[in-house]
Novice: 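Next up is a structure, given as structure tokens.
Scope of the values below: all heavy atoms of this structure, side chains included, with no hydrogens, waters or symmetry mates. Everything numeric in this text was worked out from a predicted model, so none of it was measured. Here is how names work: the chains are called A, B, and so on, in the same order as the sequence lines, proteins then strands, and each is numbered from 1.
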There are 2 protein chains.
Amino acid sequence: MVTLAEVARRAKVTGATVSNVLRNPQKVKPETVERVMAAIRELGYRPNLTARALAQGRTSTLALMLSNIANPFYPEFVLAAEREARKRGYFLLVCNTDDDPAITRAYLDQIAGTLAAGVIVMNTDLAERELVEVAGRGAAVVLCMWEHVQPTRALPCVTVDFAAAGALAAGHLSELGHRKFGALVGEGSGGPQTVRVAGFESGLAARGHAAKSLVAARTRDSIEGGYEAAMTLLRKHSALTALFATNDLMAIGAMQAAADLGKRVPDDLSVIGITDIQLSHQFRPALTTVRFPTAEIAARSITLALEMVEGTAPAQEMYAVRGPELVVRESTGPAPPRRRG
Amino acid sequence: MVTLAEVARRAKVTGATVSNVLRNPQKVKPETVERVMAAIRELGYRPNLTARALAQGRTSTLALMLSNIANPFYPEFVLAAEREARKRGYFLLVCNTDDDPAITRAYLDQIAGTLAAGVIVMNTDLAERELVEVAGRGAAVVLCMWEHVQPTRALPCVTVDFAAAGALAAGHLSELGHRKFGALVGEGSGGPQTVRVAGFESGLAARGHAAKSLVAARTRDSIEGGYEAAMTLLRKHSALTALFATNDLMAIGAMQAAADLGKRVPDDLSVIGITDIQLSHQFRPALTTVRFPTAEIAARSITLALEMVEGTAPAQEMYAVRGPELVVRESTGPAPPRRRG
DNA sequence: GTGAAAGCGCTAACAC
DNA sequence: GTGTTAGCGCTTTCAC
């Protein structure tokens with residue numbers, strides 16, 4: 001491995017100068033820069049980032065803690081996060097926690113403040129208190145997409161307006177003339193997605209729907225979970241004409257359940273989700289959903305972490321990005337004519 | 001930040017002993033171990049992995065270079081890779097290259113041998129020669145899933161039998177009585193997936209099908225690509241009763257094309273893919289496909305890289321994992337009765 | 001069984 | 001402008 005010292009020797013300067021050529025070239029005489037660059041080229045020198053990190057007291061690595069990257073939301077997030085990090089000269093460590101606090105803790109213990117200058121923590125089952133402690137160890141900690149976020153929290157948080165997303169879905173369904181609604185409430189990492197449902201309920205209320213026009217079911221936040229919950233709901237409540245899922249995966253499962261029950265989407269049943277993962281427009285019928293600005297959230301989380309790492313930490317505690325927006329596709333339509341009952 | 005020196009001071013030993021307690025406890029007197037552990041606990045000491053890496057001359061980080069993590073194959077791969085790495089005390093850097101050689105090169109230049117002890121390179125457009133050079137800089141380089149792999153190559157490679165996968169698909173379709181086949185050949189990272197098609201062709205030939213019973217079309221390896229290519233093929237060749245896609249994404253696109261053309265799958269048209277990504281069993285009709293042992297490939301890549309990093313590099317140059325296997329689901333069925341023509 | 005000392009490759013004052 | 005000098009926090013011989 002070629003070291004800075006060897007470059008220095010060859011260019012007949014000291015290490016300090018080589019270092020300067022690389023980091024503050026304007027401080028070095030042009031001809032020296034030239035000579036050093038030549039030596040670097042000839043020797044094929046590459047700075048050792050580990051050594052640099054140790055000397056600077058700061059690494060160029062960020063960690064992203066998420067529950068399970070196989071959940072289709074995360075790859076889209078990671079893609080955007082990694083691009084933003086790379087753009088700023090940082091690298092991204094991806095850490096799956098499997099929603100296991102022990103794994104989360106082990107990761108945090110090992111890398112926060114040593115291998116990783118900053119950590120972005122997506123929904124997790126860890127107590128916030130523990131994360132505050134991690135932050136105390138010298139790592140920039142930013143929370144991301146925590147649904148049950150308190151404005152008083154000690155850690156900065158990048159988030160979206162989950163309630164508004166639910167309300168948007170309610171508005172859309174209501175406008176289409178639906179009267180009986182089913183809600184599929186996901187239990188994901190970070191607990192049940194109740195804020196979205198609350199938003200949906202208040203959206204319904206705002207449009208004059210009675211509370212009993214809504215029936216809800218809790219389920220796992222997955223295609224399978226959505227399928228099962230929709231099956232149960234649809235069988236039990238034949239008057240339902242619209243299903244709201246707190247996440248796209250469940251909505252997709254719900255559409256499959258509808259198909260298996262011989263209900264056509266959207267003719268007999270409208271289905272709407274939240275997030276707008278890629279899958280949503282790839283499925284048939286294409287899913288109507290409330291889009292989260294995923295890439296923007298990811299990029300914002302990275303920049304926020306870096307601002308903290310690099311000491312230009314902004315004052316605010318919570319960062320909402322562009323709000324959610326309705327994306328109408330094929331899975332929602334006018335409420336079917338009422339059957340006489 | 002609590003350092004090893006502070007722990008040493010508190011435990012009234014030297015740094016060397018603290019280090020030994022952490023790494024070779026058997027070399028230290030039990031009561032000393034006890035005392036040191038107590039100090040560590042009281043101080044909340046965590047070893048600085050950056051410093052350790054510099055001192056040891058080896059990091060505990062591996063890098064995974066892939067074209068784009070939003071492609072559904074990769075998250076499944078990354079999940080398994082990260083778990084294996086974590087199990088062995090390593091961390092995983094995820095690097096998107098976007099199939100851009102410049103990005104790939106930049107990543108490699110920066111991290112190979114410094115931040116990352118090893119690099120797993122999935123299909124890439126980089127010349128192998130460049131990778132060999134990277135390996136020369138002291139990083140363990142392992143190739144993974146390269147379809148056009150030569151047995152003489154200089155770098156170890158973890159791969160599957162792509163040709164066998166194609167042949168398996170051919171056998172299945174042939175047994176179902178199909179006579180006219182269409183092939184959707186993907187152009188992904190790493191070039192066109194021609195080995196799979198070659199395998200498909202020879203599988204067909206082995207069962208006595210004439211070469212002209214197959215029509216092929218090149219397309220992007222994506223749902224959209226598969227959709228378009230299938231549209232073209234199905235419109236042009238009305239006698240086709242079976243479609244083979246070199247990847248599941250295209251197969252899914254093909255099923256959508258079939259639906260839009262009013263063809264029922266599998267009654268009018270059978271569709272088979274390769275890989276068995278999660279989506280394949282989630283889609284309706286569920287896709288028949290040839291499964292790659294994705295998690296196993298990922299784990300093997302990691303262990304191979306670590307064997308090299310840790311100096312126990314095995315002799316072989318190429319590592320095939322368990323072979324591909326046929327997974328029959330809903331998208332394939334008996335060839336429809338021949339229309340008179 | 002424990003300590004002293006050198007050094008991993010780099011950065012950052014500060015001196016010249 | 002460039003060099004000198006101390007480290008960064010840890011590991012690792014090698015004495016004792």
Novice: Using a strict cut-off of less than 4.0 Å between a Lys/Arg side-chain nitrogen and an Asp/Glu carboxylate oxygen, indicate whether B:Arg86 and B:Glu82 qualify as a salt bridge.
Specialist: yes
Novice: Once you round it to whole Å, what is the distance between P of C:dC10 and CG of B:Asn48?
Specialist: 17 Å
Novice: Counting N and O atoms only, with roles assigned by atom type, does the side chain of A:Thr59 sit under 3.5 Å from a partner on the main chain of A:Ala117, one being a donor and the other an acceptor?
Specialist: yes
Novice: Is it the case that the side chain of A:Asp98 and the backbone of A:Asp100 share a donor-acceptor pair, with hydrogens and angles ignored and the cut-off at 3.5 Å?
Specialist: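 Pair absent, no side-chain N/O of A:Asp98 close to backbone of A:Asp100.
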Novice: Which of residues 16-44 of chain B have a heavy atom under 4.0 Å from DNA chain D?
Specialist: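 Correct list: B:Ala16, B:Ser19, B:Arg23.
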Novice: Any salt bridge linking A:Glu84 with A:Arg88? Criterion: basic side-chain nitrogen under 4.0 Å from a carboxylate oxygen.
Specialist: yes
Novice: Roughly, in whole Å, what's the span from CG in B:Leu115 to P in C:dG9?
Specialist: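 Answer to the nearest Å: 15 Å.
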Novice: Return the nearest nucleotide to the side chain of A:Leu54; candidates are D:dC8, C:dC10, D:dT11.
Specialist: D:dC8
Novice: Closest-nucleotide mapping onto DNA chain C: is B:Ala51 or B:Lys12 further toward the 5' terminus? I mean the 5' end.
Specialist: B:Lys12
Novice: Is there a side-chain polar atom (N or O) of A:Thr3 under 4.0 Å from OP1 or OP2 of C:dG9?
Specialist: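 Answer is no, no contact under 4.0 Å.
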Novice: Report the nucleotide, chosen from C:dC10, D:dT12, C:dG3, that has the shortest atom-to-atom distance to any side-chain atom of B:Gln56.
Specialist: D:dT12
Novice: Taking everything shown except A:Glu34 itself, do over 12 heavy atoms lie less than 6.0 Å from its CD?
Specialist: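 Result for CD/A:Glu34: open.
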Novice: Which whole-number value in Å describes the distance from B:Arg58 CZ to C:dG7 P?
Specialist: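 It is 21 Å, rounded to the nearest whole Å.
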Novice: In whole angstrom, give the distance that lies between atom CG of B:Leu4 and atom P of D:dT11.
Specialist: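 Rounded to whole Å, this separation is 7 Å.
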Novice: May I have the distance from A:Arg52 (atom CZ) to C:dC8 (atom P), rounded to whole angstrom?
Specialist: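 Result: 18 Å.
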Novice: I'd like to know if the side chain of B:Arg137 and the backbone of B:Leu108 have a donor-acceptor N/O pair within less than 3.5 Å.
Specialist: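 Here the side-chain-to-backbone pair exists.
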